[in-house]
Every structure is written in structure tokens, then in C-alpha cells.
Amino acid sequence: MDVYVKGAPEMIASLCNKQTVPMDFHSTLQSYTQKGLRVIALAWRPLSQKVSWRRIQKLPRSEVENDLTFLGLLILQNMLKPQSTQVINQLREADIRTVMVTGDNMLTAISVARECGMIDPNSSVVLVTASPSSSTSPSTIEWSYDVPPQNKGMQIENGFPKQNLYQNQKLPAPSTNFHFAINGKSFAVIKNHFADVMPKIIQKGTVFSRMSPDQKRQLVEALQELGYGVGMCGDGANDCGALKSAHAGISLSEAEASVASPFTSSIPNISCVPIVIREGRAALVTSFGVFKYMALYSIIQFISVMILYWINSNLGDFQFLYVDLVITTTVAILMGYNGAYTHLVKKRPPGSLVSPIILISIILQILVQIIGQTTAYFLLFTQDWFEPLHPSQDADENILCPENTVIFIVSSFQYIIVAAAFSRGPPYRTPIWQNVWFLISLIVLCMYTAFMLFYPNYLSFLESFFQVYQLGPDHMKFCWIIFTVIIVNATLTFAIEWLMGKAFIKTFIKPCRKKNASKNIYKRIEKEIMNDPDWPPIGQVTTSNCVS
């Protein structure tokens, strides 16, 4: 009976009889992995004839997988999918960081990262090699550059260069154009013994190789601790933990990974990632838009009721019904049908309902709506034909009056205007005219509300049904004055939302907030790295308590 073993070349070589491992094993492995090829080592061992099948089932692996005879390397070429580079570039243009976490060889992972655009051609790759402590020495970290292709003859051990070609060299100050590459063993050592270095490794790490399923989950959680919103793509059972821990896990297969992740792609490539991000941003902006609309809806109605209460009047039952059911319910439902914008932009939407941009927008919109209604109300007193309401003890008799009609019509337009203003399209959603039903509803509601302002004598049923005082055609000049107020109100409403979307508003608000440091930990770490041109200490060894 014979035993055949396959696995990672470094591990298989450590299990083989050293005499059977070729002298050029490391250099040959390096030459293949630097080309982005996937390499599996094969080994063999004959078992004693006394060993039965039943007995071998009970033997520990350590007794079987030792003193193997090295057979060779199996070279696999897993071509990069054509969509991958395009998607990575799209994410980079949107200032979205990409990280590779894989079980493959370190040099293979670095080669693929360069090929797909995760690592720029002009960027340096710093290999982080950590060794655990022993009874005689503390834990250490060795910092070295990636081995360039022209140095293929040098010795490689465990996927890293055995000697440092860049001794005592430093990265160009104050550039931070470098990426860390680290394997699972080093990741475990740094996590346990270098808590102060770990955040910097996570911040600048781009390639994490030979990572176990649990380490993938730990990486996702470490990124989250720095303040990142983490999305994870995976297609195997070993990705389930990370997919479940990520803010947005995307399974690229319908196997085990699809059970743990909230999203499952029917297309087995990462082209779904920008789609998920665009849809998520559109959903977030839509939710905030509906929230702002409902807040303004309540305030607009409160303003109307307070003005009418001042003269002992109020909106009629059918007026309330028209506002609450016909206008508000219709637009609040349909304004959420705007689709996601086709391009992924660098600018991120507000992440909180109480962010300064949203609060300032709401406050300014409230002021505009107050000015709109009070202006229309006081303009009514400038008309020669106007006679103020003489309140009756019967509240129903105080509804049909010019004051009520002016406030009702102006506020009705305001509900429609703010709904349109809060349904902005780009850069996160499609333009408003592509939401056909919403656009039709806005046009119909505007036309009908304008009709109530200008309606002629022969449609006097509106007077008894909606309790709307007939302003036109006898007072057509005043009707146009009110309509002008509505146009100005709409212009100011849209102008505020346009201004809130401009970058200079954030620049203007930032000093007022007196924000000394970013709330995101990763930004503070990035700033710390930029301000330290001597870090990382290339060519040096960092111990658990000092740098030697």
C-alpha cells in the first residue's frame, strides 16, 4: 500500500526526505509563482505490507505524512478573468480599497495582485515575515522588499527571500506608495505579539496569503475595527466565516458560501461588486430622501395649521385627505423607485441621518417653506378686494375663506416641490425623469393643484367639495402673484439641494465643526504612516519590544 500526498510546496517539502528534494527547489518554485502560476507539490511513500486498510484509518497523519519522497511540482495556470482587472480599476477610481486574502502561495498572490491592478506597477511590495517566540528569543518581524524578477536565482524559504537584497534601504520619503504582503503564519504571530503594529499592517496590507478560514474572518473583523465598511467576495466553504462577518458578503457560487452570505451572484466573477455598491448607495440616499420628505411634510403641515389657527380657521377634511392620501402617500411611495446610477463615483453619500449636510438641508428647507407660506399669506392683505375672516363659533364655517385657500394651495405645491427636490438623481441615483411613474404623478398633481388656483366659474363644485375659495378668474392677477411665489419657493428649494451636493459646502462646514481628528481610525493610522518616513524599517528586525 502506498501513500500519495499533495499540498502547498513549502509544506510538502518540509515533510519529505531532504535528500529527495532537488537543490533548485526554492528557485524553481519562485520562478513559477512569480509568473502567477499555481503550484502544488506531490510526494509519495510506500507503507509497510503489514499495514492493513482498517489500521491505516486509525493512524494519525503525522505518522503517515513523514519521510516522504518528493515527486515533483504540478503547475496550474488559472487565468485572470477578463472582468477582474476592469472591476478592480473601477473600484480604485472610486477610491475603494481592494485587498486580496487567499490560501495561495505568497509570490503567486503578489503576481496576480499586480496583474489585476491591486498593486500599481510603480508601487513597492514589502514582505512582512514574523517568527514566533521561543525559550531563547522573542518574537520578531523581518521587513524586506519583494524579490524582483531579475533575481530569480536567489534562495526562497516559505515563500519569502532567504536573504535581503535591500539591506538598509528605506522607502522614498514621504511616499506611502507601498503595500504589505503577509502570510497566515506571520499574521498569527503579529496578532498575538505585536498589537501596536497590527493596525498598520492591516492599513497597508494588500496581499494576505496562506490564510486559514478563521484568519480570513479575523482580517475582516480587523478592518472593521479600523472603521472600514467591509465587503467580502468568496466562493468556497473556507470563506464562510469571513462572508458572514463582513458588512456585505457576496458569494460567487451557489455552494456552501451562498448559505453564509447575504448576497449570491449568479455570475461567477466580481463584476457584481460595483453593482452591489451602487445599489446600496442608491438605497441609502433614497432612505434619507424619504426621511427628509416626511420631516418636511410634517413641518409644512404644522406651519399651515399654525397660520390658520391664528385666525381661528383650519384645513378642511377633504383638504387634509388630499394632502395626506393623494399627495404625500403617492410621492412617498414612488420616489423610492429611482434606480442606481450607472457610474460608481468617488464621493460617498452621507452615512448618518444626523450628518451636518442632512441637518443643514432640513433646516434651510424649513425656513424656505415658512417664508413661502407667510409671504403668500401677507400678500393677501395687500389686495383691495380682500376682506379678513370674521371668525364664527362654528369652526366649519371658518374653512371657506381666502386665507385658507391661499395657505392650502401654496402648501400643496410645497409638498410636491420638496418631493421632487429630495429625489435628486446623479451621482447615486438615475435622473428623476427615468422614474416615469413618479414624474407622471408630479406632473398630474401640479396640474390639478394649479387648476384649483385658477379654476373658472363653471367648476364651482370645488368650492363645496374641497372648500376652496374661488380666486380666479375675478382675481387672476393675484393668482399669478401666488404662482410666482410658488415658482420662487421651488427655485430656492432646488437650489438648496443643489448646493448641499457640492464639495465646497463640506469645506465650509468642516472648520465650524472644530473636528481635530478623524473619527475613522484608519485615517489616523494612514496619517501617522505618512508622517513617519522611516517606517517600515526595511532591512531591520523588529522584536516584540525593540528594533535591532
Side-chain angles (χ1 to χ4, degrees), residues 91-92 95-102 106 109-110 113 118-119 123-133 138-146 160 170-171 173-232 241-242 245-248 348 351 515-538 540-548:
L91 295 175
R92 286 171 60 89
D95 200 21
I96 296 174
R97 181 183 168 195
T98 55
V99 174
M100 179 188 296
V101 52
T102 177
M106 171 68 73
I110 293 174
M118 279 189 181
I119 300 176
S123 297
S124 301
V125 176
V126 178
L127 304 179
V128 183
T129 315
S131 302
S133 60
S139 303
T140 60
I141 302 178
E142 296 182 20
W143 313 84
S144 60
Y145 282 117
D146 178 28
F160 290 96
K170 296 184 177 68
L171 291 170
S175 173
T176 58
N177 193 23
F178 67 91
H179 302 261
F180 283 139
I182 184 173
N183 63 17
K185 290 183 179 179
S186 298
F187 181 86
V189 173
I190 294 174
K191 185 176 184 298
N192 294 328
H193 302 284
F194 296 89
D196 57 329
V197 179
M198 190 65 176
K200 294 182 180 180
I201 299 293
I202 298 298
Q203 174 61 25
K204 300 299 294 185
T206 300
V207 175
F208 296 83
S209 69
R210 297 295 190 217
M211 298 284 279
S212 67
D214 191 54
Q215 287 177 328
K216 292 181 180 181
R217 177 188 58 80
Q218 292 172 2
L219 175 62
V220 169
E221 293 173 351
L223 288 166
Q224 291 172 335
E225 290 175 359
L226 296 187
Y228 281 108
V230 183
M232 169 72 184
S245 297
H247 292 111
R348 293 184 299 172
K515 188 177 178 181
N516 297 325
S518 174
K519 66 178 181 180
N520 292 318
I521 300 175
Y522 69 87
K523 291 183 179 179
R524 299 201 296 266
I525 295 174
E526 185 70 26
K527 186 176 181 180
E528 182 182 344
I529 294 173
M530 290 180 64
N531 293 334
D532 187 0
D534 295 328
W535 197 89
I538 303 298
Q540 301 183 39
V541 177
T542 303
T543 65
S544 56
N545 53 12
C546 65
V547 178
S548 60

Identify which one of V99, N520, L223 satisfies the side chain to side chain contact (heavy atoms under 4.5 Å, CB included) criterion when paired with Y228.
L223

Can you spot which of D534, D532, I538 makes a side chain to side chain contact (heavy atoms under 4.5 Å, CB included) with P536?
I538

State the [atom1]-[atom2] distance between [X] and [Y], to the nearest 0.5 angstrom.
X: I110; Y: M118; atom1: CD1; atom2: CE; answer: 13.0 Å
X: S124; Y: D146; atom1: OG; atom2: CG; answer: 9.5 Å
X: S131; Y: H193; atom1: OG; atom2: NE2; answer: 11.0 Å
X: W535; Y: T542; atom1: CH2; atom2: OG1; answer: 8.5 Å
X: R92; Y: T98; atom1: CZ; atom2: OG1; answer: 6.5 Å
X: Q215; Y: K191; atom1: CD; atom2: NZ; answer: 9.5 Å

When you check the side-chain N and O atoms of N183 and S209, is any donor under 3.5 Å from an acceptor?
no

Answer whether the closest heavy-atom distance between the side chains of [X] and [Y] falls below 4.5 Å.
X: R348; Y: D95; value: no
X: W143; Y: V128; value: yes
X: E225; Y: I521; value: no
X: E526; Y: K204; value: yes
X: V126; Y: Y145; value: yes
X: K527; Y: K523; value: no
X: I202; Y: F187; value: yes
X: K185; Y: V189; value: no

Restricting to non-hydrogen atoms, name the atom on [X] and the atom on [Y] that form the minimum distance, rounded to 0.1 Å.
X: M211; Y: G184; value: SD-CA, 3.7 Å
X: F194; Y: T543; value: CE2-O, 3.1 Å
X: M198; Y: I190; value: SD-CG2, 3.5 Å
X: S245; Y: Q224; value: O-NE2, 2.7 Å
X: M232; Y: A242; value: CE-CB, 3.9 Å
X: P533; Y: N531; value: CD-O, 3.4 Å

I'd like to know whether R524 forms a salt bridge (charged side-chain N to carboxylate O under 4.0 Å, His left out) with E528, so could you lay out the CA-CA distance, the side-chain angles of the two residues, the decisive distance to 0.1 Å, and finally the verdict.
CA-CA 6 Å; R524 299 201 296 266; E528 182 182 344; over 6 Å; no

N/O donor-acceptor pair under 3.5 Å between [X] side chain and [Y] backbone:
X: H247; Y: G231; value: no
X: S139; Y: S133; value: yes
X: R97; Y: Q203; value: yes

Would you sort out whether I182 and I201 count as a side chain to side chain contact (heavy atoms under 4.5 Å, CB included), showing the intermediate values?
CA-CA 9 Å; I182 184 173; I201 299 293; 4.2 Å; yes

Start with the C-alpha gap between R217 and D214, add the side-chain angles, then the distance that decides, and say whether side chain to side chain contact (heavy atoms under 4.5 Å, CB included) holds.
CA-CA 5 Å; R217 177 188 58 80; D214 191 54; 2.4 Å; yes

